[in-house]
Asks: 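Please read through the structure below; I'll follow up with questions.
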Amino acid sequence: GDRLYVPVDKLQKVQKYLGVEGQEPRVDKLGGRSWENAKRKARESAERVAQELLNLYALRQVGDGFRYSMPDNFFREFEATFSYEETPDQLNAIEDVIQDMASPRPMDRLVCGDVGFGKTEVAIRAAFKAIMDGKQVAMLVPTTVLAEQHYQTFSERFNGFPVRVASLSRFKTSSQQKEVISGLQKGNIDLVVGTHRLLQKDVQFRDLGLLIIDEEHRFGVKHKEKLKQMRVSVDVLTLTATPIPRTLHMSLAGIRDLSTIETAPQDRRAIETYVCSYDEFTIREAVYRELKRNGQVFFVHNHVQSIHQMAAALHKLVPEARIGVAHGQMKERELEKVMLDFVHRQVDVLVCTTIIESGLDIPAANTIVINRADKFGLAQIYQLRGRVGRSSEQAFAYLIVPGEHLISRDAQKRLRALMDFSELGAGFKIALNDLQIRGGGAILGAAQSGHIAAVGYELYLELLEKTIREFKGEKVQTEAIDPEINLSFPVFLPETYISDNDQRLLAYKRLATIAEEADIDELVAEWQDRYGPLPDSARNLILLAKLRLLCKTHGIVRMDGDRESFTLYFHRPENLVLISSHLAQKKCEFRPETDRQLTIEIWGRGLPQRLMRLKRILQEAVEHASDSKSIQ
């Protein structure tokens with residue numbers, strides 16, 4: 001129930017809390033210890049993560065990897081068989097991977113791209129390069145159906161080239177599995193696609209050169225340990241559709257090599273999304289329209305107990321549709337049969353649970369109906385919706401809800417966000433909590449999400465970035481100076497200048513986080529362009545922001561001003577000495593009160609004019625200090 005007032009010029013101290021979906025933030029008592037404890041635990045967790053990442057990084061740097069040759073004419077010939085136009089991001093990712101493979105250290109690159117944005121082709125090119133240089137390739141995927149699908153994709157792409165492809169999963173009979181394992185040992189198989197079955201002890205490769213991992217965060221701890229050992233000596237390429245927030249990207253820069261594919265394929269259209277209540281006519285129309293253009297439909301009903309009743313109701317509505325049912329409690333063979341029937345177009349409508357959430361690529365399926373969409377998280381709806389719209393056909397998504405007045409406010413917000421972000425590549429723009437956390441969890445490991453929830457995502461990343469820089473031996477300012485400036489004159493952005501509350505707060509926050517004067521000038525130009533000439537109070541705010549930067553540079557922790565003088569309080573005595581020597585040269589009137597306190601007398605017509613003069617003196621003192629250093 002307490003209130004804590006924050007001055008607008010300290011708005012960088014306020015962050016939007018991003019936690020784990022469904023977990024409420026804990027609000028601590030003012031002056032209590034629990035917040036400090038949560039921060040300490042989060043800092044320890046960030047240290048463990050950073051240490052692990054850096055150890056792996058160090059091993060890779062000293063490890064000797066295989067140097068692949070640069071692409072030749074044969075490789076270019078293979079590239080030319082790709083039936084689509086590559087997007088610029090896709091070409092950059094391919095280039096990054098090829099460069100990594102040609103370098104002497106083992107590759108560990110993460111390629112992030114929205115569903116259907118062409119990550120698989122990046123993997124195919126890398127695999128082809130490795131095989132042509134005499135190495136074997138393994139592709140690890142989280143589900144059997146996905147293994148089957150990737151096996152078909154790779155087989156089709158390598159058709160006509162001397163590449164032998166196989167798949168290995170628990171759906172293969174034991175004799176088929178033995179045959180594949182023996183082929184890998186002898187080197188008769190160039191590329192194998194499989195589930196975690198590939199990581200078992202009996203699977204030995206003659207000469208494994210490249211490991212491709214699809215959605216690594218979906219594998220268990222034991223599997224990850226095995227992968228960690230492999231990473232030191234083998235080139236590893238990881239693919240993920242989980243958006244990587246920019247902040248995390250920055251934190252990991254230089255430790256994990258990241259490539260992002262954000263441009264949509266050329267003919268791809270955004271998915272048309274409708275939120276509606278359960279209505280037989282709408283559902284019947286949606287299914288009929290898809291069948292008429294020879295397509296297929298996903299109907300997501302995430303309740304196993306009533307899924308067969310739902311399928312029967314659909315059969316009544318659309319008797320001519322061939323309907324299949326798929327859920328995680330089915331026997332594996334049955335589930336595989338239904339899924340493969342759908343892939344091979346022997347089923348028109350697949351009534352299923354969220355089992356279809358990851359990676360399935362069925363270009364003919366371009367309509368998805370999600371029943372009780374209000375029960376899903378934003379990331380989950382986003383992933384489910386990504387199952388359609390994989391070809392140049394217009395795709396449709398129907399989110400069925402029981403009526404706006406019956407669903408929670410949170411669910412309404414999620415659905416609204418989804419409508420706002422319906423354009424292509426929005427996976428990288430939905431910067432809402434669960435996707436942020438998934439992004440963090442996917443790369444840092446799920447164990448971190450508890451610590452992230454405790455202190456919020458932004459702070460956790462700040463701690464991680466700081467720790468990484470410390471471990472790398474970079475100089476990190478331990479106690480950042482946050483100057484306090486006490487002056488009595490109007491310093492704010494009036495409502496008459498920026499009328500929208502959110503926009504105004506955002507403007508304050510941007511100004512408070514800027515670290516260079518040139519960036520402040522850039523921001524002012526943007527404001528003038530959008531809102532017109534600055535009023536006096538806004539001009540004062542800008543002047544104060546520039547003064548604050550100079551105070552940080554000079555180690556001034558506090559500044560008080562009255563009609564005759566300014567009193568400066570310094571962080572260290574040596575900061576005061578530097579300023580004093582400059583003031584003496586300028587013949588300014590000043591007197592040191594203590595070894596850390598100095599009073600300067602500056603005359604002028606009004607406070608803004610006197611502040612401008614003070615700013616000029618402090619600016620010259622910075623230049624004076626750098627000149628004397630260069631002379632020495």
Side-chain angles (χ1 to χ4, degrees), residues 5-14 480-499 503-571 575-576 578-580 582-583 586 588-590 597-626:
Y5 289 94
V6 182
V8 286
D9 59 339
K10 293 276 174 78
L11 215 59
Q12 79 278 11
K13 289 186 173 291
V14 180
I481 291 168
D482 186 12
E484 191 182 317
I485 299 178
N486 302 312
L487 301 164
S488 55
F489 76 139
V491 182
F492 65 98
L493 291 168
E495 275 185 51
T496 49
Y497 188 57
I498 303 178
S499 55
Q503 288 298 325
R504 203 164 56 253
L505 277 175
L506 196 65
Y508 279 129
K509 176 121 187 182
R510 279 181 67 191
L511 184 62
T513 51
I514 284 176
E516 299 287 333
E517 188 171 330
D519 295 339
I520 294 181
D521 293 334
E522 214 170 282
L523 184 63
V524 170
E526 188 188 310
W527 288 354
Q528 287 173 328
D529 185 41
R530 285 175 71 176
Y531 310 111
L534 294 181
D536 288 346
S537 59
R539 266 205 296 274
N540 295 344
L541 180 73
I542 296 300
L543 177 57
L544 215 61
K546 291 182 176 180
L547 258 174
R548 178 167 280 105
L549 292 184
L550 283 166
C551 286
K552 280 186 181 181
T553 309
H554 285 298
I556 299 166
V557 289
R558 190 173 125 204
M559 183 175 106
D560 298 337
D562 57 31
R563 286 183 179 178
E564 295 173 1
S565 60
F566 295 106
T567 306
L568 311 179
Y569 298 83
F570 291 86
H571 183 52
N575 296 133
L576 183 141
L578 272 171
I579 288 271
S580 298
H582 177 66
L583 291 172
K586 293 287 291 178
C588 290
E589 287 187 38
F590 71 96
Q597 187 182 339
L598 179 77
T599 301
I600 311 175
E601 288 185 13
I602 293 176
W603 302 99
R605 269 206 306 272
L607 189 55
Q609 193 186 48
R610 291 169 56 225
L611 277 172
M612 287 294 286
R613 286 181 181 168
L614 177 64
K615 179 182 170 284
R616 203 173 302 124
I617 289 167
L618 292 176
Q619 186 70 54
E620 286 167 355
V622 174
E623 289 155 15
H624 171 72
S626 59

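Residue indices begin at 1 and follow the sequence shown.
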Asks: Tell me every residue that passes side-chain hydrogen bond (donor to acceptor under 3.5 Å, both in side chains) with Arg610, counting only those two or more places apart in sequence or in another chain.
Replies: none
Asks: What residue pairs, at least two apart or across chains, pass side-chain hydrogen bond (donor to acceptor under 3.5 Å, both in side chains) with a residue in residues 536-546?
Replies: Asp521-Lys546, Asp536-Arg539
Asks: Run the side chain to side chain contact (heavy atoms under 4.5 Å, CB included) check on Phe489 and Leu611 step by step: do they pass?
Replies: CA-CA 11 Å; Phe489 76 139; Leu611 277 172; 3.5 Å; yes
Asks: Could you work out, with side-chain hydrogen bond (donor to acceptor under 3.5 Å, both in side chains) as the rule, every residue matching Gln503, not counting sequence neighbours?
Replies: Arg530
Asks: Holding to side-chain contact (heavy atoms from CB on, under 4.5 Å), I want the full list of residues that pass it with Val557, two or more places apart in sequence or in another chain.
Replies: Ile481, Tyr569, His571
Asks: What residues, two or more places apart in sequence or in another chain, satisfy side-chain contact (heavy atoms from CB on, under 4.5 Å) together with Glu564?
Replies: Asp562, Trp603
Asks: Pair Glu522, Ile514 - check side chain to side chain contact (heavy atoms under 4.5 Å, CB included), show working.
Replies: CA-CA 11 Å; Glu522 214 170 282; Ile514 284 176; over 6 Å; no
Asks: Does the side chain to side chain contact (heavy atoms under 4.5 Å, CB included) test come out yes or no for Leu618 and His582, once each step is laid out?
Replies: CA-CA 9 Å; Leu618 292 176; His582 177 66; over 6 Å; no
Asks: Once side-chain contact (heavy atoms from CB on, under 4.5 Å) is applied, do any residues pair with Asn486, and if so which ones, sequence neighbours excluded?
Replies: Glu484, Arg558, Asp560
Asks: Can you tell me which residue pairs pass the ring-ring contact (aromatic ring centres under 6.0 Å, His included) test with a partner in residues 509-549, sequence neighbours excluded?
Replies: Tyr497-Tyr531
Asks: Using the test salt bridge (charged side-chain N to carboxylate O under 4.0 Å, His left out), find all partners of Arg616 that sit at least two apart in sequence or belong to another chain.
Replies: none
Asks: How would you list, by chain and number, every residue that makes a salt bridge (charged side-chain N to carboxylate O under 4.0 Å, His left out) with Arg605, sequence neighbours excluded?
Replies: none
Asks: Who passes side-chain contact (heavy atoms from CB on, under 4.5 Å) against Leu541, sequence neighbours left out?
Replies: Val491, Leu493, Tyr508, Leu511
Asks: What pairs with His554 under ring pair (Phe, Tyr, Trp, His ring centres under 6.0 Å), at least two apart in sequence or on another chain?
Replies: none
Asks: Who pairs with Glu526 by side-chain hydrogen bond (donor to acceptor under 3.5 Å, both in side chains), at least two apart in sequence or on another chain?
Replies: Arg510
